[in-house]
2 protein chains.
Amino acid sequence: MSAPLHIHLTPGDEAPLYRQLVRQVVAAIASGHLAPGARLPSLRELAKTLVVAPLTVKKAYDVLEERDLIETRRGQGTFVRLDAGSSSREATERLRPLARRLLVEADLANVDPEALSLLLDRERTRLREERETREEAS
Amino acid sequence: MSAPLHIHLTPGDEAPLYRQLVRQVVAAIASGHLAPGARLPSLRELAKTLVVAPLTVKKAYDVLEERDLIETRRGQGTFVRLDAGSSSREATERLRPLARRLLVEADLANVDPEALSLLLDRERTRLREERETREEAS
DNA sequence: CCAACTGTTATAGTCATCTATAACACCGAA
DNA sequence: TTCGGTGTTATAGATGACTATAACAGTTGG
């Protein structure tokens, strides 16, 4: 068995399907919705749910494994690593370019540092609410 | 004549060339390095400098024009719009998904909200320093 | 007019992405 | 062992993104 993983993909989006999937699984892990040790849906199962080819799912899982977030066991399934998120060095490196882009776009929109801080707080709250909503649904 | 536009592209990067170019021009506009009304390098001139095809530069300029940041005049050149950055609605919309990604990655790396705030401050300072360094060089 | 600049467009080749199909290898339970 | 699940790999094809080349069209100044 495996967690239901409320994921929604948008074909034809700017980001390819497998990258959308990567981001949403990362979000699920970060939010605790996918706990360390949890089993992810199998390639074929998730592929059927999302109506994509199994290879597309595998490609996403490959990226996640490359980031040391998950671990695959042939014949058993795919699991969230127990130390997922502990290798903060790699994840922190991911933060800087994102932060830069955010700062540049904020500057362009004449958004003050304080206003940006408020926006982040608001978005943080929204993320928490979404998580709680999902937990109620389950 | 046109501003020198210190830009560096990385072929083979995850982001295609024309998008890298878009980001860096946006940064130049946001930082004031490219003032409203300023003329951007011509397609062929910038293409020659960056060692890419003129069409690649045009594609980047197309995106920037779509975002109402620049304006092209056939036979004359490409210019930063006088009201660049004033349509903050569009730019603010760009902020939210970026903020979400940052928050998710921060959460994954066990980065507190306060630590994230500090990181943003640091990066803001770094951006300012880079801008000043460029101004000295010119 | 004409020459030298500007942006624009058409064409074509390369590559990433996604899909579909199939075969293979491993694990655990009946 | 056998069966049904798991991940893995190889192949091939369609589509679209990306880039390069070249020809086209407007603008300016001599």
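Predicted model only: the values in this text are computed from it and were never measured. Quick note on labels: first sequence line is chain A, next is B, and so on, each numbered from 1.
Between B/Lys59 and B/Asp62 there is no salt bridge, since none of the side-chain N atoms of the basic residue sits less than 4.0 Å from a carboxylate O of the acidic one. With respect to A/Arg128 and A/Glu130, no salt bridge is recorded, no charged nitrogen being found less than 4.0 Å from a carboxylate O.
Remark: A/Thr72 is in phosphate contact with D/dT8, judged by side-chain N or O atoms under 4.0 Å from OP1 or OP2. OP1 or OP2 of C/dT6 has at least one side-chain nitrogen or oxygen of B/Ser42 nearer than 4.0 Å.
Follow the hydrophobic side-chain contacts under 4.5 Å out from A/Val25 and you never reach A/Phe79; the two are in separate clusters.
Going from atom CG of A/Leu17 over to atom OG1 of A/Thr56 covers 6.5 Å, rounded to the nearest 0.5 Å.
Put simply, CD on B/Glu65 is 12 Å from C1' on C/dT8, counting in whole angstrom units. For the pair A/Leu43 CG and C/dA25 C1', the computed distance is 14 Å after rounding to whole Å. With rounding to whole Å, A/Lys58 atom NZ is found 14 Å from D/dT6 atom P. Rounding to whole angstrom units, CD of residue A/Glu71 and P of D/dT6 are separated by 18 Å. The CG-P distance, from B/Leu40 to C/dC5, rounds to 19 Å in whole Å. Whole-Å rounding puts the B/Glu14 CD to C/dT17 C1' distance at 14 Å. Here the P atom of nucleotide D/dT8 and the CG atom of A/Asp62 are 7 Å apart, to the nearest Å. Residue A/Glu45 contributes atom CD, which lies 7 Å from atom P of D/dT6 at whole-angstrom precision.
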Give every pair of a protein N or O atom and an N or O atom of nucleotides 12-19 of chain D that lie under 3.5 Å apart, one pair per line with the distance.
{"from": "D/dC18", "atom 1": "OP2", "to": "B/Tyr18", "atom 2": "OH", "distance (Å)": "2.9"}
{"from": "D/dT19", "atom 1": "OP1", "to": "B/Leu17", "atom 2": "N", "distance (Å)": "2.8"}

Could you go through nucleotides 26-30 of chain C and list every protein N or O atom that sits under 3.5 Å from one of its N or O atoms, giving the distance for each pair?
{"from": "C/dC26", "atom 1": "O4'", "to": "A/Arg74", "atom 2": "NE", "distance (Å)": "3.3"}

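In this model, a donor atom of one side chain and an acceptor atom of the other lie less than 3.5 Å apart for B/Glu65 and B/Thr72.
Between the base of C/dG7 and the side chain of B/Arg44 there is a donor-acceptor pair shorter than 3.5 Å.
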Next item on the list: Quick one: do B/Glu129 and B/Arg131 satisfy salt bridge (Lys or Arg N to Asp or Glu O under 4.0 Å)? Show the steps, please.
Entry: CA-CA 5 Å; B/Glu129 286 173 352; B/Arg131 183 181 357 158; over 6 Å; no
Checklist line | From CA spacing to verdict: salt bridge (Lys or Arg N to Asp or Glu O under 4.0 Å), A/Glu14, B/Arg19 | finding: CA-CA 12 Å; A/Glu14 179 178 329; B/Arg19 278 187 191 282; 3.5 Å; yes
Notebook entry, point to check: What do the steps show when you test B/Val80 against B/Leu69 for side-chain contact (heavy atoms from CB on, under 4.5 Å), and what is the final call?
Noted result: CA-CA 6 Å; B/Val80 179; B/Leu69 290 176; over 6 Å; no
Checklist line | side-chain contact (heavy atoms from CB on, under 4.5 Å) between A/Arg126 and B/Arg100, worked out | finding: CA-CA 10 Å; A/Arg126 185 177 300 195; B/Arg100 284 181 76 104; 4.0 Å; yes
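Nearest-nucleotide positions on DNA chain D for B/Arg73 and A/Thr78 put A/Thr78 closer to the 5' end.
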